[in-house]
Enquirer: 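The structure follows.
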Amino acid sequence: SGWTLGYAVSNQVALFAVYALANGEGSGAISAYTYAFIFFQLPHGLLAVSIMTTFLPDLSAFAARKDLAGFRDRFGLGSRLLILVILPAAVGYVLLARPVIAALLERGAFGDASGDLTAEVLAAMALGLVGFSVYLFVLRGFYALKDTRTPFFVNLFENAVNIGLAFALVGRFGVQGLALAYAGAYSIAAVVAVVLLRRRIGGMDGRRTVPALAKMAGAAAVMAVAVVVARELVGSNAGV
């Protein structure tokens with residue numbers, strides 16, 4: 001539990017640093033970041049967390065039996081399902097952030113300027129949605145192995161990267177730079193976490209995962225083209 005407490009504390013430190021930087025970007029910056037983060041969390045909470053929760057007992061059972069082959073197989077299936085549902089959500093957010101924000105938030109004092117800023121932050125943050133979800137699923141793999149120490153250090157690394165990128169990007173891109181820092185930090189940390197878990201369990205189910213990822217990427221590209229065409233035909237950022 002001590003490692004888990006440290007995990008939570010490091011997240012709060014990073015959040016404080018990001019909010020402090022956002023506060024210096026003028027009126028509406030913190031609100032834009034907060035609203036964008038709520039939308040960012042939506043597909044993860046509805047889809048990714050459901051998959052993670054379903055697979056964690058099986059991973060724990062394989063780990064308890066020291067059946068690493070079964071662990072690798074089950075983890076690979078969970079990873080593929082996770083990316084299958086999260087990748088389209090990420091593409092949709094990147095391409096449709098403006099009409100989504102316009103439809104759901106633009107009321108009263110929340111006008112065009114606030115909508116534009118929030119949509120830009122959401123689109124930037126969505127670039128890291130897949131990495132974010134994969135990262136948290138990999139950490140559950142460590143938890144299934146009764147390892148809370150490694151997730152703490154990986155999370156410490158992720159927060160350090162987030163803070164470093166935030167300071168580097170906020171001056172040039174404003175609050176959008178903070179969103180890019182968040183996306184970049186989780187994407188980098190996801191790769192690191194996968195490498196560490198792969199070493200721990202003796203490999204990954206690459207034979208099935210790599211071709212599946214290629215097919216998902218192709219489908220996502222087709223979806224992106226269709227969304228761009230539909231968006232242009234609609235002819236309005238507000239989606240009306």
Side-chain angles (χ1 to χ4, degrees), residues 1-25 29-45 47-49 51-53 55-56 59-60 63 75 78-79 82-83 86 90 121-122 124-201:
S1 61
W3 294 115
T4 304
L5 177 62
Y7 179 106
V9 170
S10 66
N11 279 348
Q12 293 306 307
V13 170
L15 182 63
F16 176 82
V18 169
Y19 274 0
L21 291 172
N23 191 50
E25 292 304 306
I30 290 182
S31 294
Y33 190 92
T34 302
Y35 284 133
F37 184 72
I38 292 171
F39 279 96
F40 173 87
Q41 286 279 347
L42 184 61
H44 173 78
L47 304 173
V49 171
I51 292 173
M52 294 176 190
T53 304
F55 276 79
L56 183 56
L59 294 176
S60 298
F75 183 85
S79 300
L82 182 73
I83 296 173
I86 292 298
V121 174
L122 175 58
M125 196 174 286
L127 295 174
L129 182 56
V130 172
F132 177 81
S133 294
V134 169
Y135 170 82
L136 291 178
F137 185 51
V138 174
L139 294 195
R140 279 167 172 77
F142 283 109
Y143 294 144
L145 296 166
K146 297 183 179 181
D147 180 0
T148 57
R149 183 175 181 271
T150 302
F152 165 75
F153 284 108
V154 175
N155 196 61
L156 197 64
F157 168 77
E158 180 277 320
N159 282 310
V161 173
N162 188 12
I163 293 172
L165 289 176
F167 275 98
L169 297 176
V170 68
R172 181 172 182 179
F173 299 106
V175 68
Q176 296 93 322
L178 299 179
L180 288 172
Y182 190 88
Y186 272 105
S187 297
I188 294 170
V191 174
V192 172
V194 167
V195 170
L196 292 176
L197 183 62
R198 184 177 184 275
R199 291 178 180 175
R200 179 70 179 272
I201 63 176

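Hydrogens, waters and symmetry mates play no part in the numbers below; they use all other heavy atoms, side chains included. These figures come from a predicted structure and were not determined experimentally.
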Enquirer: Could you give me the CA-CA distance, side-chain angles and deciding distance for Leu165 and Leu180, then say whether side-chain contact (heavy atoms from CB on, under 4.5 Å) is met?
Expert: CA-CA 8 Å; Leu165 289 176; Leu180 288 172; over 6 Å; no

Enquirer: For Tyr35, I'd like to know if atom OH has over 12 heavy atoms of other residues, nucleotides or ligands within 6.0 Å.
Expert: no

Enquirer: Please name the pair of heavy atoms, one in Phe142 and one in Pro151, separated by the smallest distance, quoted to 0.1 Å.
Expert: CB-CG, 3.7 Å

Enquirer: Where do Pro43 and Ile86 come nearest, in terms of heavy atoms and distance?
Expert: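 Here Pro43 and Ile86 meet closest at O-CD1, 3.7 Å.
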
Enquirer: What's the shortest heavy-atom distance between Ala181 and Ala166, and which atoms?
Expert: CB-N, 3.4 Å

Enquirer: Can you measure from CG (Leu129) to CD1 (Ile83) and round to the nearest 0.5 angstrom?
Expert: 11.0 Å

Enquirer: Could you tell me whether Phe75 and Phe137 have their ring centroids closer than 6.0 angstrom?
Expert: yes

Enquirer: Could you pull out the closest heavy-atom pair between Phe37 and Met125, with the gap in Å?
Expert: CA-SD, 3.7 Å

Enquirer: Is the ring pair Tyr33/Tyr19 parallel, tilted or perpendicular, if the boundaries are 30 and 60 degrees?
Expert: perpendicular

Enquirer: Once you round to the nearest 0.5 Å, how far does OG1 of Thr150 lie from CZ of Arg200?
Expert: 6.0 Å

Enquirer: Taking all atoms of both residues into account, what is the closest heavy-atom pair of Ser187 and Gly128, and its distance?
Expert: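 Heavy-atom minimum between the residues: OG-CA, 3.8 Å.
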
Enquirer: Would you say that Val195 contacts Arg199 through its side chain, given a criterion of any heavy-atom pair below 4.5 Å between the two side chains?
Expert: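 A side-chain contact under 4.5 Å exists here.
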
Enquirer: Give the C-alpha distance, both sets of side-chain angles, the deciding distance and a yes or no for side-chain contact (heavy atoms from CB on, under 4.5 Å) between Val49 and Leu136.
Expert: CA-CA 9 Å; Val49 171; Leu136 291 178; over 6 Å; no

Enquirer: Distance from Arg140 atom CZ to Leu145 atom CG, nearest 0.5 Å?
Expert: 14.0 Å

Enquirer: side-chain contact (heavy atoms from CB on, under 4.5 Å) between Tyr7 and Leu139: does it pass, once the steps are laid out?
Expert: CA-CA 11 Å; Tyr7 179 106; Leu139 294 195; 3.5 Å; yes

Enquirer: Can you tell me if Ser60 and Tyr143 form a side-chain donor-acceptor pair at under 3.5 Å?
Expert: no

Enquirer: Can you check whether Asn155's main-chain N or O pairs, donor with acceptor, with Asn159's side chain at less than 3.5 Å?
Expert: yes

Enquirer: In Å and rounded to the nearest 0.5 Å, what is the CD to CG distance from Glu158 to Asn162?
Expert: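 Result: 5.5 Å between the selected atoms.
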
Enquirer: What's the spacing between Asn11 CG and Leu156 CG if we round to 0.5 Å?
Expert: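 Nearest 0.5 Å value for the CG-CG distance: 10.0 Å.
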
Enquirer: With rounding to the nearest 0.5 Å, note down the distance linking CZ in Phe153 to OG in Ser10.
Expert: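 If we round to the nearest 0.5 Å, Phe153:CZ and Ser10:OG are 11.0 Å apart.
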
Enquirer: Show your reasoning for whether side-chain contact (heavy atoms from CB on, under 4.5 Å) applies to Val154 and Tyr135.
Expert: CA-CA 10 Å; Val154 175; Tyr135 170 82; 3.5 Å; yes

Enquirer: Looking only at non-hydrogen atoms, find the nearest pair between Ala63 and Ala144 and report the distance.
Expert: CB-O, 3.3 Å

Enquirer: Quick one: are the ring centres of Tyr182 and Tyr186 less than 6.0 Å apart?
Expert: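 Yes; Tyr186 has its ring centre under 6.0 Å from that of Tyr182.
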
